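Here the structure is a predicted model, which is why all the values come from computation and not from measurement. Chain letters run A, B, ... following the sequence lines, proteins first, then strands; residues in each count from 1.
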Protein chains: 2
Amino acid sequence: MTPTPARSDPLTHEVVELIGSVVARYHEEYELAAAEHALTGAQARVLTLLTREPTPMRQIARQLKCEPSNVTGIVDRLEARGLVERRPDPGDRRIKVAAATERGRATAAYLREGLDFAREPLAGLTQLERSMLRDLLQRMLGEEPGAPEPGETS
Amino acid sequence: MTPTPARSDPLTHEVVELIGSVVARYHEEYELAAAEHALTGAQARVLTLLTREPTPMRQIARQLKCEPSNVTGIVDRLEARGLVERRPDPGDRRIKVAAATERGRATAAYLREGLDFAREPLAGLTQLERSMLRDLLQRMLGEEPGAPEPGETS
DNA sequence: TATTGTTATACTCTATAACTATA
DNA sequence: TATAGTTATAGAGTATAACAATA
């Protein structure tokens with residue numbers, strides 16, 4: 001009769017609504033911070049990704065969870081602005097590795113600084129509260145050892 | 001020297017990253033649930049909005065934080081599928097009030113059921129933990145009385 | 001034959017500007 | 001004149017399908 005016990009729980013519903021608000025606000029601020037550097041959200045995400053590590057086009061698509069054909073245009077536009085460059089892969093000539101340029105890394109750093117969300121609001125929480133929040137979010141995301149998500153093949 | 005104390009705090013950084021993960025996963029599941037009903041994310045958001053309350057076009061734009069001209073197309077497509085209808089406003093003939101139809105409400109209900117995120121993961125938390133999470137998120141969002149965010153004009 | 005990246009195409013979302021009809 | 005909604009337009013993201021180069 002109650003396959004999902006949490007479904008009709010008003011407290012759970014409240015938390016779900018709050019998470020929705022967090023998601024909305026996060027997105028809003030992310031797009032805003034990106035726009036300040038004349039970047040779209042997708043461009044900002046790819047640039048941030050490439051700042052962490054040079055990545056083949058196909059793998060960018062996997063991380064963005066979109067089709068590989070879309071990545072071509074996004075990287076094109078970043079490359080046209082000198083924020084990213086395509087490099088050949090020494091081992092496989094089919095592969096093009098996209099990498100952030102020096103300018104791209106600088107832009108990404110400014111972008112990161114502009115992303116005040118969660119940093120400013122989090123300042124209102126004590127150290128203990130922040131670590132409680134961290135633990136709760138970790139458990140929500142199933143990132144705890146001992147609770148391996150099905151679907152992880154390796 | 002340290003205008004934003006939380007900036008270099010590794011714990012805060014960790015929480016920010018976790019929130020990023022929550023946002024990514026929420027969006028992913030939202031788009032997926034919408035796609036199961038042949039809806040785009042924007043269409044699903046508007047439909048959900050109108051299920052709660054019939055709303056003038058202009059006000060939809062404000063809630064979506066987009067330009068009013070965009071709403072025309074989104075409501076057009078929902079109306080073409082019989083999920084939404086435009087009604088005149090008795091008091092002001094300039095205004096068109098968009099409202100969910102019976103079919104629209106039914107679709108929104110299915111959509112809501114498909115949105116497992118946060119409900120399933122939250123089931124792994126105790127009642128106490130969930131209320132702790134609620135309180136922490138509320139304070140992050142500045143929704144608590146006694147902590148009015150600057151910028152609120154009224 | 002399979003994989004990588006690209007191109008071509010079509011649809012949706014988005015902002016901007018100009019337009020219509022009401023107020 | 002100001003406001004509500006729309007139209008027209010252009011740019012960007014998205015998926016699908018077909019393609020060239022390479023494995």
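- Computed from coordinates, the A:D76 CG to D:dT14 P distance equals 14 Å when rounded to whole Å.
- Nearest nucleotide to the B:R93 side chain, out of C:dT7, C:dA15, C:dA23: C:dA23.
- As judged by a 4.0 angstrom heavy-atom cut-off over every strand, A:R45 is placed among residues making no nucleic acid contact.
- Atom pair B:I60:CD1 and D:dA4:P shows a separation of 13 Å (rounding to whole Å applied).
- With contacts defined as side-chain heavy-atom distances shorter than 4.5 Å, the pair A:L39/A:L78 qualifies.
- Counting only heavy atoms from C-beta on, B:I95 has its side chain closest to D:dA4 among D:dA4, C:dG5, C:dA2.
- Listed candidates were D:dT14, C:dT6, C:dT14. Nearest to the side chain of A:N70 is D:dT14.
- For B:Q59 and A:A42, each mapped to the nucleotide of DNA chain D holding its nearest heavy atom, the one lying further toward the 5' end belongs to B:Q59.
- The side chain of B:K96 lies closest to D:dG5, out of D:dG5, D:dA21, D:dG13.
- Considering only side-chain atoms of B:P56, the nucleotide from C:dT6, D:dA23, D:dG5 that sits closest is D:dG5.
- Within the 3.5 Å criterion, the main-chain N or O of A:E79 finds no donor-acceptor partner in the side chain of A:E85.
- Listed nucleotides C:dC13, C:dT16, C:dT7 differ in distance to B:E67; the shortest reach to its side chain belongs to C:dT16.
- Look at B:R77 and you'll find a side-chain N or O under 4.0 angstrom from OP1 or OP2 of C:dC13.
- When the C1' atom of D:dG13 is taken as reference, atom CD of B:E31 falls 11 Å away, rounded to whole Å.
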Show me the donor-acceptor pairs, under 3.5 Å and distance only, between side chains in residues 50-61 of chain B and residues at least two apart or in other chains.
unit_1	atom_1	unit_2	atom_2	d
B:T51	OG1	B:L47	O	2.7
B:T55	OG1	B:E53	O	2.7

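- In this structure, B:L47 places its CG atom 16 Å from P of C:dT12, rounding to the nearest Å.
- Rounded to whole angstrom, the span from the CZ atom of A:R58 across to the P atom of D:dA23 amounts to 16 Å.
- Atom P of nucleotide D:dA21 and atom CE of A:M57 are separated by 18 Å, given to the nearest angstrom.
- With distances taken from any side-chain atom of B:P68 to the nucleotides C:dT22, C:dC13, D:dT6, the minimum falls on D:dT6.
- Atom CG in A:D89 sits roughly 19 Å away from atom P in D:dA21 (whole-Å rounding).
- Taking only side-chain nitrogens and oxygens, B:Q43 comes nearer than 4.0 Å to OP1 or OP2 of C:dC13.
- Residue B:S69 is in base contact, counting any heavy-atom pair closer than 4.0 Å across all strands shown.
- No side-chain heavy atom of B:V46 sits under 4.5 Å from any side-chain heavy atom of B:Q43.
- Set against D:dT6, C:dT6, C:dT22, the side chain of B:D92 has C:dT22 as its closest nucleotide.
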*Evaluate side chain to side chain contact (heavy atoms under 4.5 Å, CB included) for B:H27 paired with A:H27, printing each intermediate quantity in order.*
CA-CA 10 Å; B:H27 243 84; A:H27 243 84; 3.3 Å; yes

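- With C:dT12, D:dG13, C:dA23 as the candidates, the nucleotide lying closest to the side chain of B:T40 is C:dT12.
- To the nearest angstrom, P of C:dT22 lies 10 Å from CZ of B:R94.
- The two atoms that bring A:S131 and B:L11 nearest to each other are N-CD2, 3.8 Å, heavy atoms only.
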